[in-house]
Amino acid sequence: MCGRFALTATTKDIEKLLPGFNADNPFKSRHNIAPTQEIVTALSSEPNRLREVKWGLIPNWSKDIKIASKMINARAETLTEKPSFRQLVNRKRCLIFTDGFYEWQTIPESKKKIPHIIYFKDGMPFTFAGLWDEWKDIQTGTILTTATIITTSANEFMSQIHNRMPVIIDEQFRKDWLDVNIKFTDLAELTFSREFDTMIMEPIEKI
DNA sequence: CCAGACGTTGTT
DNA sequence: GTCTGG
DNA sequence: CCAGACGTTGTT
DNA sequence: GTCTGG
């Protein structure tokens with residue numbers, strides 16, 4: 001799955017990933033982004049903007065804000081079936097910016113978990129596939145924008161440590177993923193597990 | 001019909 | 001909002 | 001995902 | 001051990 005990641009690149013380098021998209025404000029460098037915190041995204045509805053939203057999807061119909069902490073990931077395999085996601089796949093897709101994510105390897109019979117960081121050889125930031133939504137807090141009238149990260153089965157490389165991984169959208173497909181004129185069924189292939197030539201994985205002591 | 005859930009992961 | 005379970 | 005809390009009563 | 005908050 002994907003429950004922690006980093007975004008330490010400069011705002012300028014992040015903007016380079018998606019020409020024409022500009023950041024609202026400079027983004028802070030962060031090594032350990034946790035669910036419920038702000039994440040940097042490009043949303044399908046706002047074609048020229050990079051903005052922060054909260055990690056943990058709150059569907060627009062939700063009565064309880066607490067649902068967010070359960071909705072940090074969405075399985076690619078069942079996106080079009082699940083009530084929480086099926087209405088979003090054709091209308092509210094997003095890209096989530098990162099330059100490395102963490103997975104924990106569980107060691108059988110020792111109860112220990114070893115964190116690993118996964119990133120690319122060039123050190124550049126890259127993008128996860130996500131879904132987003134807007135939710136109105138009835139008490140205050142505030143609109144909250146939230147997102148979830150789509151996961152898929154681990155590729156051969158990642159399966160050394162874990163059975164799931166986030167969906168990564170390559171450079172040439174980023175604009176397609178954000179284009180809601182393209183149906184999800186025509187993009188579903190992007191969520192399938194595949195190998196990456198320059199992916200690096202390293203065990204770390206601590207995040 | 002209404003009431004209640006709406007999710008993923010990992011472990012057994 | 002929509003589906004599932006009772 | 002991990003880290004940290006996990007509780008009540010009565011008094012200020 | 002399990003739930004909550006970040």
Side-chain angles (χ1 to χ4, degrees), chain A residues 1-8 27-41 45 52-94 96-119 126 128-138 142-155 158-168 180 184 191-193 201-207:
Chain A
M1 77 179 300
C2 183
R4 296 280 173 137
F5 64 96
L7 183 60
T8 59
F27 303 121
K28 282 185 213 141
S29 171
R30 292 151 74 204
H31 279 96
N32 186 8
I33 301 173
T36 72
Q37 297 177 346
E38 300 289 326
I39 56 178
V40 175
T41 62
S45 68
E52 291 185 312
V53 307
K54 284 213 174 231
W55 183 9
L57 188 87
I58 308 174
N60 66 83
W61 42 259
S62 183
K63 291 183 184 103
D64 187 2
I65 194 171
K66 287 184 190 161
I67 199 171
S69 52
K70 297 186 204 173
M71 304 280 201
I72 66 169
N73 291 141
R75 288 179 71 91
E77 296 91 330
T78 52
L79 277 187
T80 57
E81 300 163 19
K82 298 290 180 182
S84 297
F85 305 134
R86 57 179 303 173
Q87 292 181 305
L88 304 177
V89 294
N90 282 315
R91 304 200 57 80
K92 294 190 172 177
R93 296 190 292 258
C94 65
I96 296 150
F97 292 77
T98 179
D99 41 36
F101 60 95
Y102 303 100
E103 296 288 359
W104 280 260
Q105 179 180 28
T106 53
I107 307 300
E109 297 173 15
S110 81
K111 293 178 187 172
K112 290 200 172 180
K113 287 188 167 190
I114 302 170
H116 293 251
I117 183 165
I118 297 94
Y119 59 100
F126 52 97
F128 296 142
L131 300 173
W132 64 281
D133 206 353
E134 281 178 342
W135 176 81
K136 185 173 182 176
D137 185 336
I138 296 299
T142 313
I143 302 285
L144 204 54
T145 307
T146 62
T148 186
I149 296 171
I150 299 172
T151 63
T152 190
S153 57
N155 59 23
M158 287 290 304
S159 64
Q160 297 174 78
I161 59 161
H162 201 71
N163 63 340
R164 304 289 299 171
M165 67 184 291
V167 169
I168 295 167
V180 294
F184 177 75
T191 70
F192 298 171
S193 190
M201 176 166 62
E202 293 174 349
I204 51 178
E205 280 296 317
K206 203 165 176 283
I207 294 184

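Everything numeric in this text was worked out from a predicted model, so none of it was measured. Note on naming: letters A, B, ... go to the chains in the order of the sequence lines (proteins, then strands), and numbering restarts at 1 for each one.
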Trainee: Write down the protein N/O and nucleotide N/O pairs, taken from nucleotides 3-6 of chain E, whose separation is under 3.5 Å; answer none if there are no such pairs.
Mentor:
{"residue": "dG6(E)", "atom": "N9", "partner": "Thr36(A)", "partner atom": "OG1", "Å": "3.4"}
{"residue": "dG6(E)", "atom": "N7", "partner": "Thr36(A)", "partner atom": "OG1", "Å": "3.3"}
{"residue": "dG6(E)", "atom": "N2", "partner": "Arg4(A)", "partner atom": "NE", "Å": "3.4"}
{"residue": "dG6(E)", "atom": "N2", "partner": "Arg4(A)", "partner atom": "NH2", "Å": "2.1"}

Trainee: Any ion pair linking Glu52(A) and Lys28(A) (charged N to carboxylate O, less than 4.0 Å)?
Mentor: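 No salt bridge links Lys28(A) with Glu52(A).
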
Trainee: Please confirm whether Phe101(A) and Phe128(A) have ring centers closer than 6.0 angstrom.
Mentor: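 So the answer is yes for these two rings.
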
Trainee: How would you label the contact of Thr148(A) with the nucleic acid (heavy atoms, under 4.0 Å): base, sugar-phosphate, or nothing?
Mentor: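 Thr148(A): no heavy atom of the nucleic acid under 4.0 Å.
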
Trainee: So what does the secondary structure string of DNA chain B come out as, 5' to 3', with Watson-Crick or wobble pairs under 3.5 angstrom, [ ] for crossing and | for pairs with another strand?
Mentor: ||||||......

Trainee: Which whole-number value in Å describes the distance from Arg86(A) CZ to dA5(B) P?
Mentor: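 Interatomic distance, CZ of Arg86(A) to P of dA5(B): 20 Å.
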
Trainee: Tell me what Asn32(A) touches on the nucleic acid: a base, only sugar-phosphate, or nothing, going by heavy atoms under 4.0 Å.
Mentor: nothing

Trainee: Let me know the distance between CG of Leu88(A) and C1' of dC6(B), rounded to the nearest Å.
Mentor: 12 Å

Trainee: Do the side chain of Thr148(A) and the main chain of Asn73(A) share a donor and acceptor less than 3.5 angstrom apart?
Mentor: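 Yes; judged by distance alone, with no hydrogens or angles, the pair exists.
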
Trainee: Any chance you could measure Phe126(A), atom CZ, to Thr98(A), atom OG1, to the nearest 0.5 Å?
Mentor: 4.5 Å

Trainee: Counting only side-chain nitrogens and oxygens, does Arg164(A) get under 4.0 Å of the OP1 or OP2 atom of dC1(D)?
Mentor: no

Trainee: Just to be sure I understand the rule, does Thr151(A) reach a base, reach only the sugar-phosphate, or reach nothing, if contact means heavy atoms closer than 4.0 Å?
Mentor: sugar-phosphate

